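Note that the structure is predicted; figures quoted are calculated from it, not measured. Numbered from 1 within each chain, the chains take letters A, B, ... in sequence-line order.
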Amino acid sequence: MAGNKFSSYHLAAALRREPDPAAALRLFLNPSSAAASPIPTPFRYSLRCYDLIISKVAAARLFPAMESLLSSLRTSSLSPREPLLCCVISAYGRARLPAAARRAFAHPAFPAPRTSRALNTLLHALLVCHTPLDELFSVCRDADVSPDACTYNILMRAAAASGSVDHARLLFDEMVQRRIAPTVVTFGTLVAAFCSSGRLDEAFDLKEAMARQYNVRPNAHVYASLMKGLCQSGDADNAVRLKEEMAGNAELGLDSAIYATLVRALFRVGRKGEVVGLLEEMKGRGIAVDRVVHNAMIAGFCEDEMDLDAAFVVLDDMQKSGCKADTVSYNTLVAGLCKLGRWRDANELVEDMPRRGCSPDVVTYRMLFDGMCAVGEFHEANQVLDEMVFKGFAPSKDGVKRFVQGIEIEGDVVLLESALCRLAKVNALESSGWEKAVGGVLHEPAELMLDKQLNSVRLVD
DNA sequence: TTAGGGTTAG
């Protein structure tokens with residue numbers, strides 16, 4: 001840098017190198033800190049510098065900083081481009097701040113007019129925030145932007161998410177009428193919507209029509225949705241056929257996830273005997289029998305067959321084949337053991353998890369805690385609660401309710417008081433369900449002492 | 001800028 005004047009070009013390079021968004025912000029606000037010699041003031045920021053810093057702070061959700069950068073961008077003579085605006089809108093969407101996303105869409109720092117790209121980004125951000133469908137339509141009307149295929153795809157997904165597949169279908173008809181060509185994403189969205197509402201015939205009709213009528217070839221997304229739909233409906237025969245169809249088309253990239261779906265479905269319909277053949281087939285096709293396929297088998301043995309021994313054999317096999325079990329593998333086993341009332345075995349397994357290279361997560365503890373509460377082992381559950389609270393995990397609402405009711409029935413006021421304190425520490429006392437449950441505790445005069453305690457924990461949220 | 005499948009809880 002010696003001899004060279006520090007320019008916005010150098011600042012951009014420094015910003016790009018800086019992984020920490022807060023540090024990058026400091027750098028941006030005080031560029032001289034990165035310069036070897038004094039730099040002229042005021043520093044002339046390039047659009048590139050604004051692009052870099054705003055995308056960084058947006059990704060890090062440093063929203064106040066982001067807004068002040070946008071304000072200073074507005075007063076500059078620079079004209080930022082729409083992709084930066086999209087980045088801001090998406091960040092608000094990811095942070096579940098729909099009103100902020102809408103304000104950003106109209107931000108004066110970005111020169112009008114908006115294109116469909118910004119509108120689509122806004123619609124998607126609002127969709128992520130579960131904005132009602134009619135509000136999305138009103139956003140479209142207000143935006144005064146011509147919708148494109150992507151706009152329709154997002155609206156269709158929103159319609160399906162709101163439970164109205166028929167509305168999604170109407171939107172499809174509308175876009176065709178308006179001569180907006182449906183894309184492979186359009187079909188993927190609609191096929192998934194039909195499948196998840198169990199309307200498989202319409203999903204398959206659409207798969208046929210997309211190729212024949214619209215000249216759009218079904219891709220892996222479309223097949224994956226169809227496979228899930230068939231498996232959920234218990235139609236293993238057609239699921240196997242569909243898998244064969246995928247195998248016949250290399251472009252579709254038949255993979256282990258499709259096999260895992262199928263494996264789980266075969267267990268569900270009591271055809272686990274066919275699974276070994278499927279695994280052989282996978283090997284023959286050079287598709288790894290990976291963790292997810294093993295997990296599907298573990299789930300099958302635990303939930304469908306109630307054969308925990310066989311599930312543990314799968315766990316061993318998976319380790320032997322160099323495939324590391326994950327929390328899902330163990331959680332499935334813990335749930336299976338608990339369901340059979342074998343909470344001691346479940347507890348042992350959980351205690352053994354760290355040694356096996358897998359730390360129990362919030363799901364593990366919740367299932368163990370619930371499993372113990374379900375069979376009235378409240379003192380054992382209390383031990384688990386200790387560990388959970390220590391790790392900052394909160395038990396499930398149902399678990400809390402059952403636990404609190406259980407120790408209340410046992411009449412252990414001291415334990416109840418201590419449990420409430422620990423539950424408060426992990427904010428597990430928000431549910432109105434337990435407040436009712438505990439409400440009944442306070443009738444006995446001996447327990448009125450708890451009232452004060454209770455009021456104090458209620459303040460925690 | 002938009003769509004999918006895996007597995008545990010809720």
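Under the salt bridge (charged side-chain N to carboxylate O under 4.0 Å, His left out) criterion, no residue pair touches residues 387-396 of chain A, with sequence neighbours excluded.
The side chain of A/Arg157 contributes no N or O atom lying less than 4.0 Å from OP1 or OP2 of B/dT2. Note on A/His124: a side-chain N or O is less than 4.0 Å away from OP1 or OP2 of B/dA3.
Closest to the side chain of A/Val185, out of B/dA3, B/dG4, B/dT1, is B/dA3. Proximity note for A/Val292 (side chain, C-beta onward) versus B/dG6, B/dA9, B/dA3: the nearest is B/dG6. Of all nucleotides listed (B/dG4, B/dA3, B/dT8), B/dG4 comes nearest to the side chain of A/Ala224. In the set B/dA3, B/dT8, B/dG6, B/dG6 carries the atom at the smallest distance from any side-chain atom of A/Ala257. Comparing atom distances between the A/Lys228 side chain and each of B/dA3, B/dA9, B/dG6 picks out B/dG6 as nearest. Set against B/dG5, B/dG6, B/dA9, the side chain of A/Val363 has B/dA9 as its closest nucleotide. With B/dT8, B/dG5, B/dT1 as the choices, the nucleotide that has an atom nearest any side-chain atom of A/Met367 turns out to be B/dT8. Side-chain proximity of A/Ala260 to B/dG5, B/dG6, B/dA9: nearest is B/dG6.
At least one side-chain heavy atom of A/Cys373 sits less than 4.5 Å from a side-chain heavy atom of A/Phe378. Here the side chains of A/Phe267 and A/Phe301 are in contact, with some heavy-atom distance below 4.5 Å.
Scanning residues 82-90 of chain A for heavy-atom distances under 4.0 Å to DNA chain B yields an empty list.
Between A/Phe403 and A/Phe369, the distance separating the two ring centers is shorter than 6.0 angstrom.
Here A/Asp148 pairs with A/Ser116, A/Asn120, A/Thr151 under the side-chain hydrogen bond (donor to acceptor under 3.5 Å, both in side chains) rule; sequence neighbours left out.
We find that A/Glu135 and A/Arg102 are joined by a salt bridge, their nearest charged nitrogen and carboxylate oxygen being less than 4.0 Å apart.
Checked by distance alone, A/Asn331 brings no side-chain donor or acceptor within 3.5 Å of a matching partner on the base of B/dA9.
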